[in-house]
Amino acid sequence: MELLNEIWQTARRNKLRTGLTGFAVAWGIFMLIVLLGAGNGLINANIKQRNRFLSSSMVVYGGWTSKPYQGLEEGRNVRLHDRDMEITAKEFKKNVDEVGAMYNTSATISRGQQYITSTISGVYPNHTQINKVEMLYGRFINDIDIRESRKILVLGNKQAEELVASNNLPQKGEAASDKSGKLVGAFVNVGSIAFKVVGIYKENENGRADAFSSYTAIKRIYGANTDDIGRLEFTFHGLPTEEANEAFEKDYRRRLNAEHQAHPDDEDAVWLWNRFTQNLQMEQGIGIIRTALWIIGLFTLLSGIVGVSNIMLITVKERTHEFGIRKAIGAKPWSILKLIIIESVIITTFFGYIGMVLGVAANEYMDATLGHETIDTGLFKATMFLDPTVGLDVCIEATMVMIIAGTIAGLVPAYKASRIRPIEALRAE
């Protein structure tokens, strides 16, 4: 207790020196936590968007030719048709697993007095695997629905809540989301045609919700007069590297281009969205961000360490005269050494904790503001900042590094000062 009181009195007598030491410690830890938190926010948002889709899947769109070929001019619209699906399934079966398609239309869905306007997507059963649709009630599209062209519907949970909003309102204690599950098995009107609701899925909180039906039913009703099948979706295997994916894409695009009389090297005639290569690129980007943040953060922490070290060196130098008096009245070298070590540990621990708390508070503020902002990508709304947190272990380790660095910085000159003869220490300026 006497030692702590002595340290307190020393700090009070040297407020500026103590304040500068504390600021260097707190600032270094604060900046490290904020930088890592901001980086984690960006990384977590990217990972969330990446996990929306199955990585080993690909989506194929028709595009516009950008090169003349076989007497045909560029600028022709390429529409995928049934033959493209057959080519994908049969000629590329070495790598392709399940092939499906999506055909979109827009319609009004109504039940009683309630109605919503939504995109109706005719899909195959593999759509739920490729786009990771989470079912809450009922089921998704199955093979029998496709084979029999069943007029069935899978709604998003918020869509279902709107359709049951004023029909048999929930009883006390019953949530609207619970009541929406009772829509499974009921009939709704899509335009003027009755469709049976077979499932309710969980809508992405930032996404655009579609209603799903069997591909064959939607194509027969809304696309019977065109050979356009919409877009292709398929899962694949056996392409573990970016080079293997690029080779597959090149061969696949060349084959579809030939089917549509487009130049073999025309990358705009058929568009490929390969989730695997996209994920690889995102992983590389995330790795670069992580490395850059740690380098910047460590240099920031290092600047704090240098500041603490310099101040501790000055502190010991200034107190050499004091140490001489202590030794002259009987103080042992260890007592002087212990005083410096404990003083360094207390100051760096106290101000390190302040820097850690402020850093965590800054991260929470970023989460409360930037964490709720989204951008519209055209396909869905994306969160650009998510959960900017730093592990407690990182915070503690950073504080410990600062404590150890400050202690070592003061230990060497303190050791020399503790070994100096009293008469020499008293002569020190």
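One-based numbering along the sequence shown.
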Side-chain ([X]) to main-chain ([Y]) donor-acceptor, under 3.5 angstrom:
X      : Y      : value
Asn77  : Gly63  : yes
Glu73  : Pro68  : no
Ser213 : Ile152 : yes
Thr226 : Gly223 : no
Asp367 : Asn363 : no

Write down the atom of [X], the atom of [Y], and the distance for their closest heavy-atom approach.
X      : Y      : result
Lys93  : His237 : O-CE1, 4.4 Å
Ile229 : Ala101 : O-CB, 4.1 Å
Val96  : Val99  : CG1-CG2, 3.5 Å
Ala160 : Ile200 : CB-CD1, 3.7 Å
Leu155 : Ala211 : CD2-CB, 3.8 Å
Tyr201 : Gly156 : CE2-N, 3.3 Å

If you count heavy atoms of other groups shown closer than 6.0 angstrom to [atom1] of [X], is the number above 12?
X      : atom1 : value
Arg83  : CZ    : yes
Lys132 : NZ    : yes
Lys202 : NZ    : no
Gln70  : CD    : yes
Phe140 : CZ    : yes

Side-chain heavy-atom pair [X], [Y] within 4.5 angstrom cut-off:
X      : Y      : answer
Met102 : Val59  : no
Ile193 : Ile221 : yes
Tyr222 : Val190 : yes
Ile120 : Asp210 : no
Tyr115 : Ile109 : no
Ile218 : Ser121 : no
Ile354 : Phe350 : yes
Phe248 : Met58  : yes

Output the distance between atom [atom1] ([X]) and atom [atom2] ([Y]), rounded to the nearest 0.5 Å.
X      : Y      : atom1 : atom2 : value
Leu54  : Asn131 : CG    : CG    : 9.0 Å
Asp84  : Arg255 : CG    : CZ    : 8.5 Å
Met356 : Leu32  : CE    : CG    : 12.0 Å
Glu242 : Glu246 : CD    : CD    : 5.0 Å
Leu280 : Arg275 : CG    : CZ    : 14.5 Å
His263 : Arg253 : NE2   : CZ    : 13.5 Å

Q.
Please determine whether side-chain contact (heavy atoms from CB on, under 4.5 Å) holds for the pair Ile286 and Arg290, giving the CA-CA distance in whole Å, both sets of side-chain angles, and the decisive distance to 0.1 Å.
A. CA-CA 6 Å; Ile286 287 172; Arg290 280 203 174 106; 3.2 Å; yes
Q: Go through the steps to decide whether Arg111 and Asn189 satisfy the test side-chain contact (heavy atoms from CB on, under 4.5 Å), and finish with yes or no.
A: CA-CA 6 Å; Arg111 179 175 181 262; Asn189 291 323; over 6 Å; no
Q) Is it true that the NZ or CZ of Lys151 lies under 6.0 Å from the centre of Phe195's six-membered ring and within 45 degrees of the ring axis? A) no
Q) Salt bridge or not for Glu161 and Lys158, using N-O below 4.0 Å? A)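 A salt bridge is absent here (no side-chain N lies under 4.0 Å from a carboxylate O).
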Q: Please test Leu153 against Lys196 for side-chain contact (heavy atoms from CB on, under 4.5 Å), starting from the C-alpha separation and ending with a verdict.
A: CA-CA 6 Å; Leu153 210 58; Lys196 184 178 180 179; over 6 Å; no
Q: Could you point out which residue of Trp271, Phe236, Phe234 forms a ring-ring contact (aromatic ring centres under 6.0 Å, His included) with Tyr252?
A: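 For Tyr252, the ring-ring contact (aromatic ring centres under 6.0 Å, His included) check succeeds only for Phe234.
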Q. Between Asn126 and Glu233, does any side-chain donor sit less than 3.5 Å from a side-chain acceptor?
A. no
Q.
Hydrogens and angles aside, do Asp266 and Thr65 bring a side-chain donor and acceptor to less than 3.5 Å of each other?
A. no
Q) Are Phe23 and Phe351 close enough that their ring centres sit under 6.0 Å apart? A) no
Q: Give the intermediate values and the outcome of side-chain hydrogen bond (donor to acceptor under 3.5 Å, both in side chains) for residues Ser118 and Gln159.
A: CA-CA 9 Å; Ser118 174; Gln159 293 177 324; 3.0 Å; yes
**Q.** Which residues share a side-chain contact (heavy atoms from CB on, under 4.5 Å) with Arg139, sequence neighbours left out
**A.**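 Residues passing side-chain contact (heavy atoms from CB on, under 4.5 Å) with Arg139: Asn142, Asp145, Arg150, Val198.
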Q: Please test Phe53 against Trp273 for ring pair (Phe, Tyr, Trp, His ring centres under 6.0 Å), starting from the C-alpha separation and ending with a verdict.
A: CA-CA 11 Å; Phe53 310 106; Trp273 180 11; 5.1 Å; yes
Q. How are the rings of His81 and His260 set to each other: parallel, tilted or perpendicular (split at 30° and 60°)?
A. tilted
Q: For Phe187, enumerate each residue passing the ring pair (Phe, Tyr, Trp, His ring centres under 6.0 Å) test, keeping only those at least two apart in sequence or located in another chain.
A: none
Q: Mind running side-chain contact (heavy atoms from CB on, under 4.5 Å) on Val154 and Met135 for me, showing each step along the way?
A: CA-CA 9 Å; Val154 178; Met135 297 302 298; 3.9 Å; yes
